[in-house]
Amino acid sequence: MSFATVVDVLSGKVAVGDEVTVRGWVRTRRDSKAGISFINVHDGSCFDPIQAVVPNTLNNYDNEVLKLTTGCSVAITGTVSESAGKGQSFELQATAVKVFGFVEDPDTYPMSPKPHSMEYLREFAHLRARTNVTGAVMRVRNCLAQALHRFFHEHGYLWVATPIITASDAEGAGELFRVSTLDLMNLPKTDQNEIDFSKDFFGKESYLTVSGQLNVETYACALSKVYTFGPTFRAENSNTSRHLAEFWMVEPEVAFASLDDIAYLAEDMLKYAIRAVLEERADDMAFFQQRIDKEVINRLEHVANNKFVHMDYTDAVEILQNCGKKFEYPVSWGTDLQSEHERYLAEVHVGAPVVLKNYPKGIKAFYMRQNDDGKTVAAMDILAPGIGEIIGGSAREERLDVFDARLAEMGLPVEEYSWYRDLRRYGTVPHAGFGLGFERLVSYVTGMTNIRDVIPFPRAPKSADF
RNA sequence: UCCCCAGUAGCUCAGUUGGUUAGAGCGGUGGACUGUUAAUCCAUGUGUCGUAGGUUCGAAUCCUACCUGGGGAGCCA
């Protein structure tokens, strides 16, 4: 007797007639007066549960098998057979059922086999993993993460672990979470009656990172092709379906690369990851297509098989101004595009992800490379229909004189950027990179509309349970 | 943080000219039937009506504040 996963049996990896033991959790039980019970067991290895056919001749049939309810954990031993019923290719003719744990009171078990709202499931983040929707999301999420690592590995990129804790508040990408071991009830003070951070753990103020970019640039300017893939923290009071306080970000950074180089890199990367999901997680995607978003597979296939549309910010402004649609906010060159504008471009004008490039420098970050026109910077956003900005990137300003002038122009303290400036002082090279919001990608690929449902334990304002 | 909406049984929801004992479906439980598939049929229990105040003879229903959730906006990935 050997152990097998549900996917091993359903995919035909185990020969008909072989005896195996499958372990997992009961999804449903149906009893037949023909003297058998049907028990569907899932173990996370694939979307479908396996059906075990349990005869009433088992010695624990009456006192245990008939008491199995949704959520009970079991090991079922049986011979693999081709199914006599519809709905599955193979099933298990049970010869033994071992119960690891019953659900102590089925009436209070929050996960019934009937549909629940996503809001309700979120209140049970520890148990929603057993639902088919969360299981499917997590398998697709894993598939995407593995595919992204594989993509970079195959293209000669090194995965660099940038720090989670940073003492630099100069990253300029939003509100920071403070990291401190000081006693909040008894803060050490300086002579000026200010908090004495020299007494803190790191001897200075420190925070959770809002981006690994600045750090990973140092490794790009040495190892040429690198990327980060890790958690990122933003203390913004953002209450939307596409923001998290703790999320994962993929940030490739490429020496000697131009803006167009990384725009095509982003396109290749997204197509690679999407194809991986379509090939490897067809079972889960069929579920999303059926229950979550009727268009999701068509949309992904379209993205995987068509070139991304590239568009200059300046041209986008012109398109929006001449499209005849009335927007709540007017479009004018030099201001950031509103959500309604981005949505129009991605959803109506293009109908697919669109790469917007070369934004006015006034609305972009200090490190972005100035274009020769003196008005724009080499920045790009990739906007996905339904999600909005999924990727933001840029060529980095590698010319020290231009960089310093930009810092001065924005009133930023040059001393805060000493190590970053060193990259420009010692053997500077043109380089570029972007950040992909990983959960936004998972949302887009699965069709799940709320980002809190594509991460195991979402952290958001007023929400850090589990 | 701003605007709009919602909060009633374990779940999904119905329930306003303010008026007795607040309803349905599903789930659970008991039974019938069945190689069943989110099975079907019969029976059955369930409520601080989000919280705290207020108006009123009387509030799930009207008013105020707060909490939580949803949609949208801003910030961004």
Side-chain angles (χ1 to χ4, degrees), chain A residues 27-40 48-55 66-67 69-71 81-88 91 93 103 105-124 131-132 171-175 210-213 231-251 266 287 290-291 328-329 336-343 363-365 381-384 387-393 434-444 449-453 455 460-463 465:
Chain A
R27 180 148 284 146
T28 58
R29 190 197 86 226
R30 298 176 296 282
D31 304 318
S32 168
K33 276 299 180 298
I36 52 178
S37 289
F38 299 98
I39 300 176
N40 281 12
D48 290 312
I50 189 167
Q51 171 163 284
V53 183
V54 184
L66 286 183
K67 293 191 174 118
T69 57
T70 304
S81 69
E82 289 181 23
S83 180
K86 293 175 188 164
Q88 63 279 318
E91 63 188 12
Q93 301 294 336
V103 168
D105 178 0
D107 204 31
T108 64
Y109 185 60
M111 301 294 113
S112 83
K114 293 288 179 178
H116 292 297
S117 68
M118 295 310 300
E119 295 80 33
Y120 172 78
L121 291 180
R122 225 173 282 149
E123 295 175 39
F124 300 95
T131 63
N132 52 17
E171 293 173 353
E175 298 293 313
V210 294
S211 163
Q213 180 203 318
T232 304
F233 307 87
R234 305 259 169 104
E236 311 266 313
N237 193 6
S238 297
N239 294 289
T240 78
S241 56
R242 53 192 184 281
H243 287 87
L244 290 166
E246 176 183 296
F247 64 99
W248 285 60
M249 192 151 62
V250 180
E251 299 178 282
F287 168 78
Q290 188 192 347
R291 291 287 170 81
E328 192 182 343
Y329 294 91
D336 220 346
L337 298 179
Q338 303 288 317
S339 275
E340 55 175 342
H341 307 141
E342 294 183 345
R343 271 210 310 276
I363 58 174
K364 287 294 181 183
D381 286 351
I382 298 183
L383 310 176
I387 303 280
E389 186 178 345
I390 194 168
I391 281 178
F434 64 81
L436 164 72
F438 183 60
E439 283 76 16
R440 286 187 181 177
L441 176 64
V442 180
S443 288
Y444 182 69
T449 53
N450 196 311
I451 201 166
R452 300 181 192 198
D453 301 321
I455 189 168
K462 302 286 193 300
S463 176
D465 293 335

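The chains referred to below are lettered A, B, ... by the order of the sequence lines, with proteins before strands, and numbering in each begins at 1.
Of the side-chain N and O atoms in A:Arg242, one or more sit less than 4.0 angstrom from OP1 or OP2 of B:A73. OP1 or OP2 of B:U12 lies within a sub-4.0 Å distance of a side-chain N or O belonging to A:Ser117. When the side-chain nitrogen and oxygen atoms of A:Asn450 are compared with OP1 and OP2 of B:G71, one or more of them lie within a distance under 4.0 Å. OP1 or OP2 of B:G70 has not a single side-chain nitrogen or oxygen of A:Ser241 nearer than 4.0 Å.
Within the nucleic acid shown, A:Ser238 comes within 4.0 Å of at least one base atom, counting heavy atoms only. Within 4.0 Å of A:Leu244, counting heavy atoms only, lies at least one base atom of the nucleic acid. Residue-level contact check: A:Glu91 touches the bases, meaning some heavy atom is under 4.0 Å from a base atom. A:Phe247 comes within 4.0 angstrom of a nucleotide base, judged by non-hydrogen atoms across all strands. Residue A:Asp381 is classed as having no contact, given no heavy-atom separation below 4.0 Å to the nucleic acid. As judged by a 4.0 angstrom heavy-atom cut-off over every strand, A:Thr240 is placed among the base-contacting residues. Among the protein residues, A:Arg343 comes within range of the sugar-phosphate backbone only, with heavy atoms under 4.0 Å from sugar or phosphate atoms but none that close to a base. At a threshold of 4.0 angstrom between heavy atoms, the contacts of A:Val53 include nucleobase atoms, whether or not backbone atoms are also involved.
For B:A24, the paired base is B:U12 (Watson-Crick or G-U wobble, both distances below 3.5 Å). Across the strands present, B:U1 finds its partner in B:A73; the criterion is a Watson-Crick or G-U wobble pair with both atom distances under 3.5 angstrom. When Watson-Crick and G-U wobble pairs are counted only if both distances are under 3.5 Å, B:A38 pairs with no nucleotide at all. The partner of B:U68 is B:A6, by the rule that a Watson-Crick or G-U pair needs both atom distances under 3.5 Å. Nucleotide B:U56 has no partner under the Watson-Crick or G-U criteria, as no pair reaches both atom distances under 3.5 Å. B:A43: Watson-Crick or G-U partner is B:U29, with both key distances under 3.5 Å.
Comparing B:C75, B:G69, B:G10 against the side chain of A:Ser463 picks out B:G69 as the nearest. Of all nucleotides listed (B:C75, B:G35, B:A39), B:A39 comes nearest to the side chain of A:Thr28. Listed candidates were B:U12, B:C76, B:G35. Nearest to the side chain of A:Gln93 is B:G35. Distances were taken from every side-chain heavy atom of A:Arg30 (C-beta onward) to each of B:A73, B:G69, B:U37; the shortest belongs to B:U37. Ranking B:U1, B:U36, B:G74 by closeness to the A:Asn239 side chain, first place goes to B:U1. Listed nucleotides B:G74, B:G70, B:A77 differ in distance to A:Glu119; the shortest reach to its side chain belongs to B:G70. Between B:A39, B:C75, B:G69, one nucleotide has an atom nearer to the side chain of A:His243 than all others, and that is B:C75. Side-chain proximity of A:Arg452 to B:A73, B:C11, B:G70: nearest is B:G70.
Remark: side-chain polar atoms of A:Gln338 are not paired, donor with acceptor, to backbone N or O of A:Tyr329 under 3.5 angstrom.
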query = side chain to side chain contact (heavy atoms under 4.5 Å, CB included) between A:Arg27 and A:Asn132: does it pass, once the steps are laid out?
reply = CA-CA 9 Å; A:Arg27 180 148 284 146; A:Asn132 52 17; 4.1 Å; yes
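Between the CZ atom of A:Phe124 and the C1' atom of B:C11 there is a distance of 10 Å, given to the nearest Å. If you take CD of A:Glu340 and P of B:C3, they are 19 Å apart, rounded to a whole angstrom.
A side-chain donor-acceptor contact under 3.5 Å links A:Thr28 and A:Arg30.
No aromatic stack links A:Phe38 and the base of B:G35, using centre distance under 5.5 Å and interplanar angle under 30°.
With the nearest nucleotide of RNA chain B identified for both A:Gln338 and A:Arg122, A:Arg122 has the one nearer the 5' end.
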